[in-house]
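A short worksheet on the structure shown next.
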Amino acid sequence: MSKQAILKLDEKEFEFPVIEGVEDEKAVDFRTLRSRTGYISYDEGYGNTGSCQSEITFVDGEQGILRYRGVPIEQLAESSDFLETSYMILYGNLPTREKLDQFRARIHDNAAVSPLMSEALKGMPKDSPPMGVLGCLLSAMSCYNPDLATNDRACDLENFDESAAAAIAQTATAAALSYRISIGLAGNQPDPSLSFADNFLHLMFSEEGKPYEPVAEVSRALDLMLLLHADHEQNCSTSTVRMVASGGANLFASVGAGSNALWGPAHGGANMAVIKMLEEIRESGDDGSRFIEQAKSGKSGKRLMGFGHRVYKSFDPRAKIIGKACDDLLNKMGIDDPCLDIARNLEKAALADDYFIARNLYPNVDFYSGIVLRALGIPVDMFTVMFAIGRMPGWVANWREIAMNPKGKINRPRQIYQGPAQRDYVPVEDRT
Ligand code: ACO
């Protein structure tokens with residue numbers, strides 16, 4: 001007999017089934033709680049709530065484990081690349097050589113954004129925040145690719161291969177194009193002979209008569225940064241994608257919403273916030289120790305950006321990988337970045353400090369990804385866009401998981417109302 005949980009409420013006992021995941025994760029299935037008891041479960045911030053059963057990514061925050069489709073992130077970082085990993089995240093298994101070649105070709109074939117979309121981009125203010133532009137463009141992809149975005153589930157799933165490739169490839173193209181437009185330059189056309197990372201750097205930096213020249217270490221660092229961000233189970237943006245998808249919205253509308261959810265500094269905006277914090281510390285002549293004290297006091301409203309994670313409570317395995325890649329990249333490029341020294345000081349001091357130890361606050365992936373991106377010449381205000389390019393396969397795979405579930409329900413949480421109790425309308429002349 002399968003395990004049951006017993007809840008005692010108002011002198012009555014109720015049994016609820018227990019669900020177990022393949023990695024021993026356990027949940028009490030409360031789906032019938034309200035209909036049987038009249039109560040709902042209350043979990044602001046969803047820290048204890050399983051919103052779905054998913055087959056894509058496994059995270060164990062206590063032990064610092066991250067696996068995409070069962071494969072440890074360390075192995076993927078060592079042996080795979082962003083597109084191969086993306087295929088596995090989307091479709092469930094590592095591709096054969098033939099499938100991988102087809103996938104790469106589909107990505108290249110879908111890389112160009114519609115000329116009409118480029119025109120729309122030119123109409124936006126030059127100083128628009130890049131994440132604002134990206135959110136608009138992803139949603140607008142439903143308008144420029146109506147055949148791929150019908151909001152008819154069966155039809156959208158039939159076109160999934162194309163729409164997934166368009167979302168992954170055109171996010172990168174549109175991001176580079178919007179950067180170039182913002183600094184008054186014409187856009188570059190995607191180059192199918194280049195890898196995903198090199199093509200992006202070419203789209204960003206190639207000039208007339210001076211094409212971007214790939215450098216192996218640079219390509220590898222960018223590819224690794226994208227791979228490490230490719231999925232991360234039910235974080236804020238991915239949950240948003242699933243929420244929107246649960247209402248039947250098409251892929252582009254759903255990932256557009258996810259991209260907007262990523263924007264905030266507590267989520268994808270952290271990589272930008274880390275660099276701004278490091279610059280601020282450097283400019284103030286601090287070596288990091290003053291800032292740490294301010295972050296601990298909580299009074300200044302400051303936090304040590306790039307530290308802490310809702311799920312990882314021992315270490316973020318992505319931070320370990322990218323921290324080392326960051327060192328390698330800067331050494332190979334001969335870059336002496338004073339911000340990296342400050343970052344190292346902060347990391348060392350925080351890891352030995354009781355405040356951070358007691359609250360299980362460790363560096364997260366964004367603590368180092370910002371330094372890597374800066375070394376690659378990516379403007380700071382585009383860092384969160386880079387996160388979005390990396391996270392796209394995860395968002396797309398989560399959209400697909402929702403779309404493929406025939407029993408899926410619209411996501412609709414409840415609340416505990418704490419506003420005024422019923423009261424009468426007062427005409428304006430009688431109000432005091
Ligand atoms: N610096 C200083 N103190 C911190 C930090 C930090 N970075 N993060 C958490 N704390 C403290 C809080 O003040 C609180 O202290 P208290 O118990 O004395 O009140 C305690 O640690 C718990 O903090 P919460 O905000 O409740 O933790 P939560 O799990 O909700 O937040 C979050 C996680 C948002 C990531 C938080 O740690 C944070 O703001 N970090 C900085 C921003 C950041 O790097 N975000 C990137 C997340 S990773 C990603 O999206 C890829």
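In each ligand, atom 1 is the first atom listed, and ligand 1 is the first ligand listed. Worth knowing before you read on, the calculation uses all heavy atoms, side chains too, and leaves out hydrogens, waters and symmetry mates.
Shown here, atom 26 (O) of ligand 1 is out of close reach of the protein: none of its heavy atoms lies under 4.0 Å off. Counting protein heavy atoms under 4.0 angstrom from atom 15 (O) of ligand 1 gives one or more. Using a 4.0 Å threshold on non-hydrogen atoms, atom 45 (N) of ligand 1 counts as touching the protein. Protein heavy atoms are found inside the 4.0 Å sphere centred on atom 35 (C) of ligand 1.
Residues satisfying the side chain to side chain donor-acceptor pair (under 3.5 Å) criterion with Ser297, sequence neighbours excluded, are absent altogether. Listed by chain and number, the residues in a salt bridge (charged side-chain N to carboxylate O under 4.0 Å, His left out) with Arg374 are Glu279, Asp337 (sequence neighbours excluded).
Looking from atom 21 (O) of ligand 1 to the surrounding protein, the closest heavy atom is Arg359 CD, 3.3 Å. Of all protein heavy atoms, the one lying nearest to atom 28 (P) of ligand 1 is Arg310 NE, 3.6 Å. For atom 47 (C) of ligand 1, the closest non-hydrogen atom on the protein side is Ala266 O, 3.6 Å. Taking atom 9 (C) of ligand 1 as the reference point, the nearest protein heavy-atom neighbour is Leu361 CD2, 3.5 Å. For atom 42 (C) of ligand 1, the nearest protein heavy atom (residue, atom name, distance) is Met305 CE, 3.4 Å. Regarding atom 51 (C) of ligand 1, its nearest protein heavy-atom neighbour is Asp366 OD2, 3.3 Å. Protein heavy atom closest to atom 39 (O) of ligand 1, with residue, atom name and distance, is Arg303 NH1, 2.8 Å. Here the heavy atom of the protein found nearest to atom 11 (C) of ligand 1 is Tyr355 OH, 3.4 Å.
For the pair Arg290 (side chain) and Ser284 (backbone), a donor-acceptor distance under 3.5 Å is present. A side-chain donor-acceptor contact under 3.5 Å links Asp286 to the backbone of Ser289. In this structure, Asp156 contributes its side chain and Asn151 its backbone to a donor-acceptor pair below 3.5 Å.
Polar contact check, Arg318 against ligand 1: no nitrogen or oxygen pair lies under 3.5 Å apart. At least one N/O-N/O distance between Phe307 and ligand 1 falls below 3.5 Å. Remark: ligand 1 and Leu304 share an N or O pair separated by less than 3.5 Å (distance only, no angle test). Here's the thing with His267: one of its N/O atoms is less than 3.5 angstrom from an N/O atom of ligand 1. For ligand 1, the polar-atom distance check against Ala295 finds no nitrogen or oxygen pair separated by under 3.5 Å. Taking distance alone, with nitrogen or oxygen atoms compared against 3.5 Å, Gly306 approaches ligand 1 more closely than that limit.
Annotation for ligand 1: atoms under 4.0 Å from non-hydrogen atoms of Phe387 are 51 (C). Atoms of ligand 1 found under 4.0 Å from any heavy atom of Gly308 (numbered from 1 in listed order, with element): 35 (C), 37 (O). Close approach of ligand 1 to Ala270 is summarised as follows: ligand atoms under 4.0 Å from at least one heavy atom of the residue are 43 (C), 44 (O), 45 (N), 46 (C).
Residue contacts with ligand 1 for Phe367 are absent, since no atom lies close enough (heavy atoms, distance under 4.0 Å). At a heavy-atom distance under 4.0 Å, only side-chain atoms of Lys313, from C-beta outward, approach ligand 1. No part of Asn235 comes within 4.0 Å of ligand 1, judged by heavy-atom distances.
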Practice item. Please test Ser195 against Asp81 for side chain to side chain contact (heavy atoms under 4.5 Å, CB included), starting from the C-alpha separation and ending with a verdict. Key: CA-CA 10 Å; Ser195 70; Asp81 66 21; over 6 Å; no

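Both cation-pi conditions hold for Arg36 and Phe16: the charged atom is under 6.0 angstrom from the six-membered ring centre and inside a 45 degree cone around its axis.
Ring planes of Phe160 and Trp399: parallel class, angle under 30° (limits at 30 and 60°). Ring-plane geometry between Phe356 and Phe307 is classed as perpendicular, the angle between the planes exceeding 60 degrees on a 0 to 90 degree scale with a lower cut at 30.
Residue Thr171 forms a side-chain contact (heavy atoms from CB on, under 4.5 Å) with just one option from Val385, Val113, Leu138, and that option is Leu138.
Aromatic ring centres of His309 and Phe367 lie farther apart than the 6.0 Å criterion allows.
The pair Arg344-Asp327 meets the salt-bridge criterion, since a charged nitrogen lies less than 4.0 angstrom from a carboxylate oxygen. Between Glu74 and Lys320 there is no salt bridge, since none of the side-chain N atoms of the basic residue sits less than 4.0 Å from a carboxylate O of the acidic one.
Heavy atoms of other residues, nucleotides or ligands lying less than 6.0 angstrom from CD of Glu213 number 12 at most.
Within the 4.0 Å heavy-atom shell around ligand 1 one does not find Gly298.
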